[in-house]
> 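Pasting a structure here, questions to come.
Note that this is a predicted model, so its numbers are computed, not measured. Each residue takes its place number in the sequence, starting with 1.
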Amino acid sequence: MKSSAKKIELASVDDLFSTEEGRQDAKLEKIQEIPLSELHPFRNHPFKVKDDEAMMETADSIKQYGVLVPAIARPDPEGGYELVAGHRRHRASELAEKETMPVIVRDLDDDAATIIMVDSNLQRESLLPSERAFAYKMKLDAMKRQAGRPSKENVSQVGTQKRSDQLLAEQVGQSRNQIQRYIRLTELIPELMDMVDEKKIALNPAYELSFLKKEEQVDLLDAMDSEQATPSLSQAQRLKKYSQEGHLTLDMMRVIMGEEKKSDLDRVTFTSDTLRKYFPKSYTPQRMQETIIKLLEAWQKKRQRDQER
């Protein structure tokens with residue numbers, strides 16, 4: 001015979017003697033001072049933390065005023081905490097010779113932590129293409145996992161459910177196409193991605209080059225080095241076409257990279273050795289350039305006066 005008595009849950013001693021105010025306060029996030037040595041970088045963190053001028057200014061500010069905005073971290077199963085937001089503040093605190101920094105500790109799953117990590121950095125004014133590319137990819141993957149995998153019918157129905165890449169595009173103020181073009185850059189080998197960051201290769205050619213096989217990208221570095229040239233958009237598109245047709249070879253890359261670009265045909269270049277003999281030894285390249293510009297301007301004015309006579 002089953003007992004009709006209901007299971008009675010007894011309150012703990014702490015619950016019996018705590019106030020409602022105290023219970024609500026316990027739910028609030030607390031700012032903790034955590035040793036820097038216990039804070040580890042986020043796994044595959046896509047944003048570069050450099051000891052540049054801005055970092056030195058941040059370190060000086062922290063040395064004087066401390067960290068004004070707490071970092072966010074989550075418990076690390078292997079010990080310590082994994083930083084979610086605040087990597088630059090952490091490095092600046094090290095440079096400022098601090099031992100601890102204020103941190104808000106949250107229990108976050110991988111996807112929630114990834115989205116917070118990306119969002120806290122995307123607001124920075126200057127981001128490298130590689131940072132934006134890997135950040136978009138990480139956040140989009142996390143958003144897709146959070147949303148699950150909706151059926152194709154649901155995705156195609158207007159007004160029922162937005163695609164994750166459309167939501168991301170709206171959040172960051174970019175088009176869906178631009179988001180996907182940035183994400184495509186993550187297929188570049190590190191050496192080519194560095195050249196994109198250094199503005200040696202423009203974004204549009206880089207997008208086309210990302211469709212080359214990894215071994216072809218390595219060969220392209222060889223061709224670029226031997227011809228001392230970087231691909232234009234039209235050259236990158238041809239390289240992609242030949243790759244997809246299975247005809248791209250190192251020799252073909254060298255031929256393409258050895259072509260004279262239209263911009264090269266319109267450019268007149270003087271080496272410093274050529275110009276040096278016309279200027280005093282004390283002149284810097286900058287001063288030589290300024291002097292040449294002044295001489296050309298004077299010559300142009302004289303030419304105009306002669307034509308008016």
Side-chain angles (χ1 to χ4, degrees), residues 25-143 145-146 167-168 170-174 179 182-183 185-186 190 193-194 196-199:
D25 183 64
K27 296 179 183 178
L28 296 176
E29 291 182 326
K30 296 292 194 306
I31 298 175
Q32 307 176 38
E33 284 290 334
I34 294 180
L36 300 181
S37 59
E38 294 184 18
L39 296 166
H40 317 311
F42 195 87
R43 182 169 50 88
N44 296 326
H45 188 256
F47 301 98
K48 294 179 171 64
V49 179
K50 297 181 178 180
D51 291 349
D52 52 16
E53 185 178 350
M55 177 65 75
M56 297 306 137
E57 290 176 356
T58 303
D60 289 340
S61 175
I62 288 176
K63 187 175 293 186
Q64 187 172 0
Y65 304 108
V67 176
L68 302 179
V69 180
I72 298 175
R74 62 175 181 166
D76 189 333
E78 297 181 4
Y81 303 88
E82 182 181 41
L83 273 171
V84 176
H87 292 75
R88 285 176 53 80
R89 278 163 280 169
H90 180 268
R91 175 56 182 158
S93 295
E94 290 179 332
L95 294 172
E97 299 181 343
K98 298 287 185 179
E99 294 184 357
T100 66
M101 70 180 291
V103 179
I104 295 173
V105 178
R106 292 179 185 170
D107 287 319
L108 299 165
D109 61 30
D110 289 345
D111 294 333
T114 296
I115 290 173
I116 292 174
M117 181 273 295
V118 171
D119 286 347
S120 66
N121 284 279
L122 280 180
Q123 60 191 341
R124 281 164 44 197
E125 291 183 6
S126 58
L127 286 176
L128 295 171
S130 64
E131 294 177 313
R132 200 175 292 277
F134 284 104
Y136 285 166
K137 186 179 190 308
M138 290 180 72
K139 182 172 181 179
L140 183 58
D141 288 345
M143 291 172 68
R145 287 190 293 266
Q146 283 189 335
L167 289 172
L168 175 57
E170 292 173 359
Q171 291 172 10
V172 302
Q174 299 265 14
I179 294 289
Y182 266 111
I183 291 176
L185 296 181
T186 62
M193 181 63 92
D194 288 342
V196 178
D197 282 344
E198 295 163 4
K199 298 183 179 179

> Report yes or no: does E94 contribute a side-chain atom to a donor-acceptor pair with the main-chain N or O of L36 at less than 3.5 Å?
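Here the side-chain-to-backbone pair does not exist.
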
> How long is the gap from CG on D194 to CG on L128, to the nearest 0.5 Å?
9.5 Å

> How far apart are the closest heavy atoms of I72 and V103, and which atoms are they?
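That closest heavy-atom pairing would be C-CG1, 4.3 Å.
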
> If a pair satisfies side chain to side chain donor-acceptor pair (under 3.5 Å) and one of its residues is in residues 33-42, list it, with sequence neighbours excluded.
E33-T100

> Taking atom CG of L168 and atom CD of Q174, what is their separation to the nearest 0.5 Å?
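One finds 9.0 Å between CG of L168 and CD of Q174.
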
> I need the H90 NE2 to K98 NZ distance, nearest 0.5 Å.
14.0 Å

> Can I get a per-line list of side-chain donor-acceptor pairs under 3.5 Å for residues 44-52, giving both atom names and the distance, sequence neighbours left out?
unit_1	atom_1	unit_2	atom_2	d
H45	ND1	F47	O	2.9
H45	NE2	H87	ND1	3.3
K48	NZ	S130	OG	3.1
D51	OD1	R91	NE	3.0
D51	OD2	R91	NH2	2.7
D52	OD1	A54	N	3.4
D52	OD1	M55	N	2.9

> Are D197 and P129 side-chain neighbours, meaning at least one heavy-atom pair lies under 4.5 Å?
yes

> May I have the step-by-step check of salt bridge (charged side-chain N to carboxylate O under 4.0 Å, His left out) for R145 and D141, ending in yes or no?
CA-CA 6 Å; R145 287 190 293 266; D141 288 345; 5.0 Å; no

> To check you understand the geometry: which heavy-atom pair defines the closest contact between I183 and T186, and what is its length?
O-OG1, 2.6 Å

> Looking at every non-hydrogen atom in both residues, tell me the closest pair between S120 and V84 and how far apart they are.
OG-O, 4.3 Å

> If you look at every heavy atom in R89 and M101, which pair is closest and at what distance?
CB-CE, 3.9 Å

> Do you know the tightest heavy-atom contact between M138 and F42?
CE-CE2, 4.1 Å

> Measure across Y182 and R132 and return the closest heavy-atom pair with its distance rounded to 0.1 Å.
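Smallest heavy-atom distance, with atoms named: CZ-CD, 3.6 Å.
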
> Rounded to the nearest 0.5 Å, what separation is found between the CD atom of Q146 and the CG atom of D111?
5.5 Å

> So, taking the atom named CG in D76 and the one named CG in L39, what distance separates them when rounded to the nearest 0.5 Å?
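Going from CG on D76 over to CG on L39, the span is 10.5 Å.
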
> So how far is it from L127 CG to N121 CG, rounded to the nearest 0.5 Å?
7.5 Å

> Taking everything shown except E99 itself, do over 12 heavy atoms lie less than 6.0 Å from its CD?
no

> Does L108 offer a backbone N or O that forms a donor-acceptor pair with the side chain of R74 under 3.5 Å?
yes

